[in-house]
Structures are given as structure tokens and as C-alpha cells.
2 protein chains.
Amino acid sequence: MVEQTINSIIAAAKELIGSRGVVEDANDIAPWLTDWRGRFHGKAAAILAPANTGEVAAIVALCAHHGVPLVPQGGNTSMVGGATPPADGSALILSLRRMNHIRALDPAANIAVAEAGVILSALHDAAVAQGRRFPLSLGAKGSATIGGLVSTNAGGTQVLRFGTMRSLVLGVEAVLPDGSIHDGLAALKKDNRGYDLDQLLIGAEGTLGIVTAATLRLVPAIIDRAVAWVGVDHPATALKLLRYMESRSDNRIESFEILPAESLHAVLTHIPGTRAPLNRSHRWHILIEYVGEGAAEALAGLLQTDLIEDATVSANEAQAEAFWRIRDSISEAERATGPAMQHDISVPVDSMPAFMIDAARAVEVAFPGVHASAFGHLGDGNVHFHVRAPAGVDGPRWRAEVGEAASHMVHDLVTKAGGSISAEHGIGQMKRDELIRLSPPARIATLRAIKNALDPLNIMNPGKLV
Amino acid sequence: MVEQTINSIIAAAKELIGSRGVVEDANDIAPWLTDWRGRFHGKAAAILAPANTGEVAAIVALCAHHGVPLVPQGGNTSMVGGATPPADGSALILSLRRMNHIRALDPAANIAVAEAGVILSALHDAAVAQGRRFPLSLGAKGSATIGGLVSTNAGGTQVLRFGTMRSLVLGVEAVLPDGSIHDGLAALKKDNRGYDLDQLLIGAEGTLGIVTAATLRLVPAIIDRAVAWVGVDHPATALKLLRYMESRSDNRIESFEILPAESLHAVLTHIPGTRAPLNRSHRWHILIEYVGEGAAEALAGLLQTDLIEDATVSANEAQAEAFWRIRDSISEAERATGPAMQHDISVPVDSMPAFMIDAARAVEVAFPGVHASAFGHLGDGNVHFHVRAPAGVDGPRWRAEVGEAASHMVHDLVTKAGGSISAEHGIGQMKRDELIRLSPPARIATLRAIKNALDPLNIMNPGKLV
């Protein structure tokens, strides 16, 4: 019965968007049924790939009519199973990949209008070609798409200066669950006509509608940049250094990333071609990116302070890239050291230094043999908190018997500290139970009321978020 | 029956928040039953003024239990009747005036936590005392409160550099319509745990809950500022000048305001003590505020361009204030010239110069004898578009017979240009019918679905917005 309905939708979809837009070959579908970390597996009879907003609206109206859910996909780079379809095959995948046009790029107004399927690095390139830049970047920039970045309110390494996706989105175009088109693309700097649907759609993980395009803010190209590598004794000193530099640098610090000695050690051990930026050893390391005219000199000047143990400023672009490569390789290097539970958490910035130390110690006491440590975006109050298994254990078994409980403890500690169990990756499938467990019931009821109000048939990315 | 219910609520409220928090004297209530422009008149048996968030929650739960609506009030400075109770006396006023504490002000973290009843100028002063500032200001700053500014996503004269209230709010505490407390005050820079309720409450005009406090962003104190007065031939030249200066000034322009010669003339005629900043006459004038070290010199340097006809830069703070006084007196001066319909509108910035000229001409052609002109925040794409009556007409009659129709035409033209009929004042009572007339039905249905989902009893500021 369900299969019949799905088959008739597929047939109707071919009429609406042409057979080019409908993928039924199991081999072509397969890569899109699993998240890139390989933790979630789903089933879907077809991928529907409309070429424009009108076609998306037609597909959504068709599915609404039949009550069949859609799972929107961009680059399929979710860290929380947010784009993996349900396992029972009850949903179809809606891929935005064919909607990959940059509709407008106006360097004078510092605005770009990009369709949902535009890949982040393609937008970067287009902006640079016009002497501008789009100041949000992350590891998956070669695959992640604008629609997904909007729908997950993506973060990345430049949030300190420019904020998350939310602060870079000037307008959203989306197809709502009834098939109507919400056109919020006009870049109005002031608009107070009722509830802000753009803001509601940003970070909604496709559960309230399909983002089809966004108007985005561009910023001037970087004139000059420098990257410093700094050794300090403690995260609290790192935060003091951040505040010291902020008060003297007129908003020129783009990144302020912290890592413990062991993360550096893991990178140097497992990633070929890396070398330690400083000669002496330090308990904590900081990477700072500073932009503006005479960046290297200005950055070196800011580092003339007793707060630090040692520091070096990149002498050229190659060295700047080498410092960033260490930072960007931590996850890969730590994977090579054995199984671990990873947590994408945030607390208020001022609480982060103590949290990094105290929470790690508490988890290690509660689960003897594990090793906990955190690294990441100190300036945003957001770190990646890893709990590593003792050497030699069986990964899947350790995860089930110890890891999950340790994760609960990390999330409990974060919640107690007034923080978030999902700083930048969203909720998806992976954190849904934890969200429900750790939120006031009134909040969950409110989220569900909003979901039911906009998507009463529950056809938008079912099983995710709420 | 309704009266009995209201009386029993008043009695119960005295138990919950003490009789100090309940105002029943008609003379004390009277000023709060009318908006400050005197266009809307309501009725209410009492003002309930809880002293803290718990008391607000108790009052909301009480009213939810009885199904009696609440109209939240801060400074009662709405321009659209947003805080005036219904005329039938079916609602009670909930005043946040006693919740006027600044709970925290952390200059190092650049954060303040202010209760809803804190008056804007009090927050300004508190920030300045700590070497910081809160970069949002508007004419009503001596009365307007944080709760109202959040609930209306207020704008003002510094939006160009710092955005509207939405971009300055880091977290919201609110009482939801069921009496539960939403605590979003933790200043997390990254938090992706589902739909952003803070963002939904910002600009909701009290129709989805009562904002009780907000965490706000502070910025460094101004080191130096200078204000320029510039004469140009046309709004299109003004926009060219803005783009020219933006590309050379590294985000140091705080305000870029435009006014036609006639607005300057009205001020010089009706406001004592004002004088023209430039010697020659110009068709259009621009006021530019520039901040940073050596502001006067830098600003004068930026004005070395053929785009302008003439310019003067303030030589001291008194002259800077004198320039601003002209700008701030336009509304008062124009009121003295006779009846007018005023419109708070926005269009995309690049479209604004042509819109200012073309829309004014179109309205003057359609309604012979009227005079249309626009002034305001050119840099935000937001102007105040006034349609003035011919000399000597009867104001109320002209409004009914001509003014309303002219307003509809202005709103039609704005909508056609992809703009907003409410750039910064909100919808309230005044623009509700126009919002419904000019929005796609699917959008209105979506707004109402959200309203019904969160406030099924319709007890939150009824009759406003949706």
C-alpha cells in the first residue's frame, strides 16, 4: 500500500520534473542512504531532484497530497544523521543538488543570492572573483551546500568575528509543507512584519520546510592575514589572552582555537608532514588568526604580554596554512588513536576554561580508564569534547557499555553549566533522545507545537529534531 | 460575567504579587489606555505589575486558567497601537515597569542582562559607566523599555553599523502563554538545539509570550566621532557616496541619513535655534556619523570626492549635536506644517533612491494637491515617507477621504518594490489590515498557525499583529 503510493508519486514526479530529475537506480541511490560517518542507514525508493523552486513546490504539494514524507539533502555531510532517510523506506529523498546557481552576486551591495544546492567552496570562489568573501568555512566546504548550511545554522572557524550562518543570512526562500513558496529573499535591512519565518527556518533542519535559496552577506576580501601559534599554561590564561587581545585589536581576530598538548602530539604522530610550531613543550596551545593591513606585525605586537609562555607568528602563507593544518587534522589524528565518543558542546565563553578542566576530570573519575579532553573554538565557547576509550578495547562494545553513559554524563554537565548539547552540528537523529531528556518539558512541547502547526502531516524530514 | 472573572483575577493577583503590584485607580490607569500619539483608545480594569519573572509566570498562568487576555506594556511608546488594550475592557494590562533591574553587566565579556522594564537610556548610562555602550538608540529612549524594544525588534539610528535589536540580543527570557518560563538568557554563541524560540519572540509584539529579560551585546565605547553635513543633487548620488565611503572606511560609518531640502526648510522654520549647516542650497542633504580615532580628519578625507556639492564636518561635539538636532526634529517640524500620513517603509537599499523619487511623484499625481517626500535611514533602505495634505484642509476629514487611500497606494508601491510596510515600528493594531491585504494568504496562514500553536487561548496581546 505504502509502496504503491510511493510508486505513484515517482510516476507523477517524472511528469512534473522530468525523468532526469528522478533517480531510481539502487546503485545511484546507495551513497545517499548513509551518513558520511556511516552511523545511520536508511532506505528510499527514489531521489527526486527538482531543478528550480517551482519544481520543489510541485513535488512538496504532491507528497503532501499523498502524505508521503520527504528528506531533504544537500551535500549529505550531517554529523548527526540529519539527512539520512528513515530505515523503513517510507520517505523519498529530495535532493537540492540541481539547484546550484548563484542567482546574483553584487559586490557593491555585498550580497549574494545562492540556491540551496550551491556548494560552499563554489560560493567562496565566486565571491573571491569579485573581490569579496563569504566568511563562513568548515571542513566539509567541498561538499556542504548552502541549503544545508542554512538549515543547520552552520558554524565553523570564523564564528568569532562573523557569527554563525544565522548572522550571514539576509533572506530565505523556502517551500513550506503545504507546497506554498515563502519568498524572503529581498535583502531588507529592516522588516518588522510579524514573526520572522526566515529565522524560524534557519536551523530547523528541514523539518518545517525546504530551503531553496538564500540571500547572503558578503564582506570585503582579506587584505592581509597572519596566524600565530601560542603556548600557554591553562585554558583560563588562554581566555585572558583573548580578552586582552580583543580589547586592543578592533575586531580583527577571526579565529581563536585551543588545543591541549595531547592533541598536538596525536597530530604530529599520525599526520605525515606536520611539525611542532614551537620548540618547547606547553600544556595548551592556541592558534590565532588575525586579519588586516600589516597583520603579522600587529599580531606580534599583541603577543607582547606575560600571559603567554611562547609564540610564533607565521612568516608567510605556507606557514599559516601549516598551522591551520595541525588544527584541522585533530579529529583525523584522534580517530587513529582509538575509539572515542565525540561531543559538540558549548557553554558561556567565560565558563569554558573551568568546564574543560573540571568536566574532563569528572568523566575520567566516573569512568576509570577513559581519557577526556577538549579542543576547539574557545572564542565561541564551543569545544569538541572527546572521551577516548582505554587502549585495546573493542570499539562497538565499549561504546555500548561505557561510551553512551559517558556521553550522557558529558551532556548532563553541559546542561548544568547552562550550555548546549549541540553547539553547531544540530540534533538530527543522533541527539533527539538527549534533547528530549535534557530540555524542560514545556520547551519540547513548544517545539512540537510549532512543528505540528507548520507541518501537520509530518512530511518534512520525519524523525529528526522533534 | 466577564467583569466577574476579571474581578476574581484582580483579587487573586493581589494574593500572588501583593497589592503594590495591582493598580486599580482609574486616574492611575488612564495614561496607559491610550497610545502616545493619541490614536488608539482602550479600556482595562487594572494594571498588573509583577516584580519578577516568577510573578509574571504566576499572573500568566492565572489568566490562562480564566482565559482572560493580557496586554504587555513597557514604556507605551508604540507607533502602531501595539500596547493599547482592546476597547471592550476584556483584557488586563501587564506592566513590566517594576522589573527594571540590570541583572548583570560584564564589560570584559561585553554582555548585559537587563530586565524587560529597564529604560533604554538607563542601560545606555550603565554601559557607559563601565566603558562600554549599547549601540541602539531612538527618540523615545527616555521611555522605551528593553522588553518593548526586543518585542518590536526596534531599529533606530545605528542600524547601519550594528543592526536592529535582533542582532544585539544574545538571549531572551520569557513567560510563554501557558505560564511556563523560557530561559534563553545564557549567552551561548553557538546553540543548535532546535527552533530558535528567542528569535521567534523577538519582534512578536507580545503575541507569543511576555519577554521578561534579555541578554544584550555591548560594544566598546566610542573613542572619537565626527558628524558631516553634505549637500548632493539626488538620492542616487547619496547612495553612490555611501558605497564609496563604505569601501574605504572599514565599517566606521554609524549613520547615513538623508533628507530633502524641504525637510531642512521645515526644521529651520519651526524649530527655534536651528540653522543651516551649509551656505548654499542643495536639493538633498546627508548626515553622516563616523567613529574612530581621528574621526574628523578621516571623515573629511572620505568626503574629497566629486560626488558631493558641498560638505562640512563638525568641528566639535556641540556642532555634531546641532547637526543631529536638525535630523531628529524633522517629524516635529513637519507636524507643524499640517496634517500628513506617515509611513515607515523599507525597500532593498539599492532600490531606495529611485523609489523615493518615483513613489513621491506617483502619489502626487494620483492625489492632486498632496505633497509626498521621504527622509531617513538611506543606509538601511528605510525611510519615513510622508504624504502631506494641501494647505488649509480639515485634518480628520482629509485623512478619511484622501489620506487613507494615499497610504494604501504607498503600501502598494512598497510591496511591488519587494519592500516592507513596516520597517521598524511593527504591525500592532494600526497596520494589521494592511498586512493581511498585502501578504500572500499562505504567509498569513503560517503566522496564524504559529500564533495558535503557542497561544491557543489567544490571551497574549489580542488584536495585534495577526
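Just so it is clear, the structure is predicted and the values come from calculations on it, not from any experiment. In what follows, chains are A, B, ... by sequence order, proteins preceding strands, each numbered from 1.
Your options are A:Ala449, A:Ala453, A:Ala423, and the one with the most heavy-atom pairs under 4.5 Å with chain B is A:Ala423. Comparing A:Asn452, A:Leu201, A:Leu208 by heavy-atom pairs within less than 4.5 Å of chain B, the highest count is held by A:Leu208. Most heavy-atom pairs under 4.5 Å with chain A: of the set B:Asn110, B:Ile345, B:Leu160, B:Ile450, this distinction falls to B:Ile450. The choice from A:Ala204, A:Gly379, A:Gly419, A:Gly163 that makes the most heavy-atom pairs within less than 4.5 Å of chain B is A:Gly419. Note: A:Ser422 leads A:Ala109, A:Ser167, A:Ala186, A:Ser422 in heavy-atom pairs under 4.5 Å with chain B. Counting heavy-atom pairs closer than 4.5 Å to chain B, the top-ranked of the candidates A:Leu242, A:Asp191, A:Val349 is A:Asp191. When each of A:Gly381, A:Gly426, A:Gly155 is checked for heavy-atom pairs under 4.5 Å with chain B, A:Gly426 comes out on top. If you tally non-hydrogen atom pairs under 4.5 Å between each of B:Thr207, B:Leu185, B:Ile202 and chain A, the highest count goes to B:Thr207.
Side-chain atoms of A:Lys190 and B:Thr164, non-hydrogen and from C-beta on, do get closer than 4.5 Å to each other. Between A:Gln199 and B:Leu200 there is no side-chain heavy-atom pair separated by less than 4.5 Å. The side-chain heavy atoms of B:Asn192 and A:Glu205, taken from C-beta on, include no pair separated by under 4.5 Å. Within the 4.5 Å cutoff, the side chain of B:Arg193 has no heavy atoms near those of the A:Lys431 side chain. Residues A:Asn382 and B:Lys189 have side chains not in contact (no heavy-atom distance under 4.5 Å, counting atoms from C-beta outward).
Electrostatic pairing of A:Asp250 and B:Arg252 counts as a salt bridge here, judged by a charged N lying under 4.0 Å from a carboxylate O. The pair B:Asp196-A:Arg166 meets the salt-bridge criterion, since a charged nitrogen lies less than 4.0 angstrom from a carboxylate oxygen.
Both the backbone and the side chain of A:Pro348 have a heavy atom closer than 4.5 Å to some heavy atom of chain B. For A:Asp350, the part sitting under 4.5 Å from any heavy atom of chain B is the side chain, from C-beta outward, and nothing else. There is no contact between A:Ser351 and chain B, counting heavy-atom distances below 4.5 Å. Contacts between A:Lys464 and chain B at a heavy-atom distance below 4.5 Å are absent for every atom of the residue. Of the two parts of B:Ser247, neither the backbone nor the side chain holds a non-hydrogen atom closer than 4.5 Å to a non-hydrogen atom of chain A. Residue contact with chain B, scored on non-hydrogen atoms closer than 4.5 Å, involves the backbone of A:Ala187 exclusively.
In terms of heavy atoms, B:Leu465 sits closest to A:Gly194 at CD2-CA, 3.4 Å.
By a heavy-atom distance cut of under 4.5 Å, A:Leu176, A:Ser180, A:His182 are the residues of residues 170-184 of chain A near chain B, going up by number. Among residues 432-444 of chain B, the residues having any heavy atom closer than 4.5 Å to a heavy atom of chain A are, in sequence order, B:Leu435, B:Ala442, B:Arg443.
Listed by chain and residue number, nothing satisfies the salt bridge (charged side-chain N to carboxylate O under 4.0 Å, His left out) test with A:Arg217 (two or more places apart in sequence, or in another chain). For B:His411, the ring pair (Phe, Tyr, Trp, His ring centres under 6.0 Å) criterion is met by B:His343, not counting sequence neighbours.
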side-chain contact (heavy atoms from CB on, under 4.5 Å) between A:Leu447 and B:Leu197, intermediate numbers included: CA-CA 8 Å; A:Leu447 298 186; B:Leu197 298 184; 4.3 Å; yes
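Atom CG in A:Leu188 sits 4.5 Å away from atom OG in B:Ser346 (nearest 0.5 Å). Between A:Asn251 atom CG and B:Asn251 atom CG the span is 8.0 Å, to the nearest 0.5 Å.
With hydrogens and angles left out, the side-chain atoms of B:Thr446 and A:Tyr195 include no donor and acceptor closer than 3.5 Å.
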